[in-house]
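Notes follow once the structure below has been shown.
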Amino acid sequence: MSDVDQFSSYICENAHSISKEVVEYVAGRSKPGISEEEKEMALAMYVKLLSFFSESLKNESESFMPDHLIEWSKNNAQMQVNSGGKLSDIIVRYPLTRDIFTDLLVRISLELGLSTADTGLVLKGINQILDVSLNETVLAFEQLSEQSKKELQEELLSLSAPIVPIRDEVVVIPLIGYIDEDRAAFIMDKAIPKIAAMNVDYVILDFSGVLTINRHVAESLHQIGGIFRIMGINVVITGLRPELVQVAINSNIKISAANAFSTVKQALENIGK
C-alpha cells in the first residue's frame with residue numbers, strides 16, 4: 001500500500017473525528033454563532049465530504065471528481081434555501097474551512113510520514129474538492145433562490161387576483177393592491193383558462209381593492225374583458241373609483257353603465273334581471 005493509499009484509508013476511518021474538529025473550529029470563529037442543529041448538519045456534511053476526498057485520492061486521474069459530490073453540493077444549497085439562509089452564510093465560512101482542513105491534513109501527513117510531494121498532492125486534492133463543492137453549492141443556491149422567488153411571486157400574484165365562485169354561474173375576481181403588467185399578465189395566462197373550465201356566465205371584476213393602475217394595464221384589462229365576451233361570458237365591473245375611471249377614459253376605454261356597479265352586492269342583485 002502506497003503512502004497516499006494509507007493516508008486515504010486513515011481519512012476514511014477517522015472521518016467523524018476529523019469532521020468534528022473542523023466543525024468546532026469553524027463554529028468557534030463564525031459570527032453570528034452556529035446553532036447545535038447546524039453543527040450536526042455540518043458534521044454529517046463534512047463526513048461525506050471526507051469520503052469523497054478519500055475516494056478521489058485513490059483515483060489516479062487528476063481530473064477525477066465524484067459525480068455524487070456535485071449532487072451533494074446541490075443538496076447543501078437546497079438545505080440552505082429551505083432554511084431561509086443567505087448565500088453569504090455559505091461563502092463566509094469557506095476560508096475558515098480551508099484553513100482548518102489544511103492544518104489538519106498537514107498534521108496527519110507528518111504523523112503518517114508522507115513525503116513533501118505526497119503532502120502537496122493531498123493539499124491539492126482537498127482544495128480541489130472544496131473549490132468544486134463551493135462553486136456547485138453557490139450555483140445551485142442561486143438557481144434555487146431564483147426559482148423560490150419565482151414561485152413566491154406567482155403565489156403573490158394569485159393572491160392579488162383570486163377567483164371566487166359566488167354562484168354556479170358567477171365568479172368574482174377581486175383585484176387587490178397595485179395592478180401592474182405582471183398581474184394583468186397573470187390574469188391573462190392563469191385566470192382566463194381556469195374560468196373557461198368553470199363554465200360560468202358572469203365574471204365580476206371588482207376594483208374596490210385596487211390602489212392604482214396605469215394606461216397600459218387599463219388596456220390589458222380591457223383586452224381581458226374582450227376575451228371573456230368572445231367566450232360568451234358577461235363581464236361586470238364593480239368598485240371603480242373616479243381616479244380609476246379617469247385612467248380608463250384617458251386610455252379611450254368605454255365602460256358601459258349597464259355593466260358597472262358600485263359594489264359586488266349591487267352587481268349580484270342585478271345579474272339575471
Side-chain angles (χ1 to χ4, degrees), residues 1-31 33-112 114 118-145:
M1 178 183 291
S2 70
D3 289 344
V4 173
D5 286 340
Q6 183 183 359
F7 181 91
S8 174
S9 297
Y10 181 93
I11 292 297
C12 189
E13 293 167 5
N14 296 276
H16 187 274
S17 60
I18 296 171
S19 298
K20 187 174 182 180
E21 192 168 345
V22 171
V23 170
E24 292 301 328
Y25 179 90
V26 175
R29 289 161 177 76
S30 296
K31 295 181 180 180
I34 301 176
S35 67
E36 290 301 318
E37 183 180 2
E38 286 182 289
K39 286 183 182 180
E40 289 299 320
M41 291 174 59
L43 180 61
M45 287 163 46
Y46 286 130
V47 168
K48 288 185 178 180
L49 185 141
L50 286 174
S51 173
F52 302 145
F53 177 47
S54 176
E55 183 180 350
S56 69
L57 288 176
K58 293 177 181 178
N59 194 289
E60 296 180 357
S61 172
E62 290 189 4
S63 60
F64 171 77
M65 194 58 59
D67 290 337
H68 37 284
L69 172 65
I70 310 299
E71 189 62 31
W72 175 80
S73 301
K74 291 179 179 178
N75 290 337
N76 288 343
Q78 181 72 69
M79 286 191 297
Q80 193 75 3
V81 170
N82 292 343
S83 65
K86 298 177 292 184
L87 184 58
S88 59
D89 293 336
I90 298 173
I91 297 174
V92 73
R93 295 169 187 169
Y94 179 68
L96 291 172
T97 304
R98 187 192 291 274
D99 288 345
I100 185 59
F101 265 119
T102 299
D103 290 346
L104 285 174
L105 296 183
V106 168
R107 187 186 73 196
I108 295 170
S109 296
L110 292 173
E111 291 174 357
L112 296 179
L114 262 66
D118 284 342
T119 300
L121 181 65
V122 164
L123 294 179
K124 180 181 178 181
I126 191 61
N127 279 294
Q128 185 179 13
I129 287 279
L130 291 174
D131 288 342
V132 169
S133 177
L134 177 67
N135 290 339
E136 292 296 331
T137 302
V138 169
L139 179 61
F141 182 92
E142 291 176 343
Q143 292 173 339
L144 290 167
S145 295

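Quick caveat: nothing in here was measured; it's all calculated off a predicted structure.
- Residues V122 and L114 form a side-chain contact, since some pair of their non-hydrogen atoms from C-beta on lies under 4.5 Å apart.
- There is no side-chain donor-acceptor pair under 3.5 Å between T102 and D99.
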I129 and L49: CA distance, side-chain angles, deciding distance, side-chain contact (heavy atoms from CB on, under 4.5 Å) verdict: CA-CA 8 Å; I129 287 279; L49 185 141; 3.8 Å; yes

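- Using a 3.5 Å distance cut-off with no hydrogens or angles, the side chains of Y94 and D131 do pair a donor with an acceptor.
- Once rounded to the nearest 0.5 Å, the distance linking OG of S51 with CD1 of I11 reads 11.5 Å.
- A distance of 13.0 Å separates CD of Q6 from CG of L57, quoted to the nearest 0.5 Å.
- Proximity of I108 to N14: side-chain heavy atoms (C-beta onward) are nowhere separated by under 4.5 Å.
- Atom CG of residue D103 and atom CD of residue E21 lie 9.5 Å apart, to the nearest 0.5 angstrom.
- Side-chain contact between K39 and E36 is present, with at least one heavy-atom pair separated by less than 4.5 Å.
- Remark: the T97 side chain and the Y46 side chain contain an N/O donor-acceptor pair separated by less than 3.5 Å.
- Atom CZ of R107 and atom OG1 of T119 lie 14.0 Å apart (nearest 0.5 Å).
- Residues V23 and E40 form no side-chain contact, since every pair of their non-hydrogen atoms from C-beta on lies 4.5 Å or further apart.
- Note that CD of E24 is 10.5 Å distant from CZ of R29, once rounded to the nearest 0.5 Å.
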Audit row: F101, N127, side-chain contact (heavy atoms from CB on, under 4.5 Å) steps and yes/no: CA-CA 9 Å; F101 265 119; N127 279 294; over 6 Å; no

Chi angles and distances behind the side-chain contact (heavy atoms from CB on, under 4.5 Å) call for L43, V22: CA-CA 8 Å; L43 180 61; V22 171; over 6 Å; no

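- Here the CZ atom belonging to F52 is positioned 14.0 Å from the CD atom belonging to Q128, to the nearest 0.5 angstrom.
- Contact check for L134 versus L130: no side-chain heavy atoms found under the 4.5 Å cut-off.
- Side-chain N or O atoms of S8 include one that pairs as donor or acceptor with a backbone N or O of S54 at under 3.5 Å.
- Using a 4.5 Å cut-off on side-chain heavy atoms (C-beta onward), L50 and S19 make contact.
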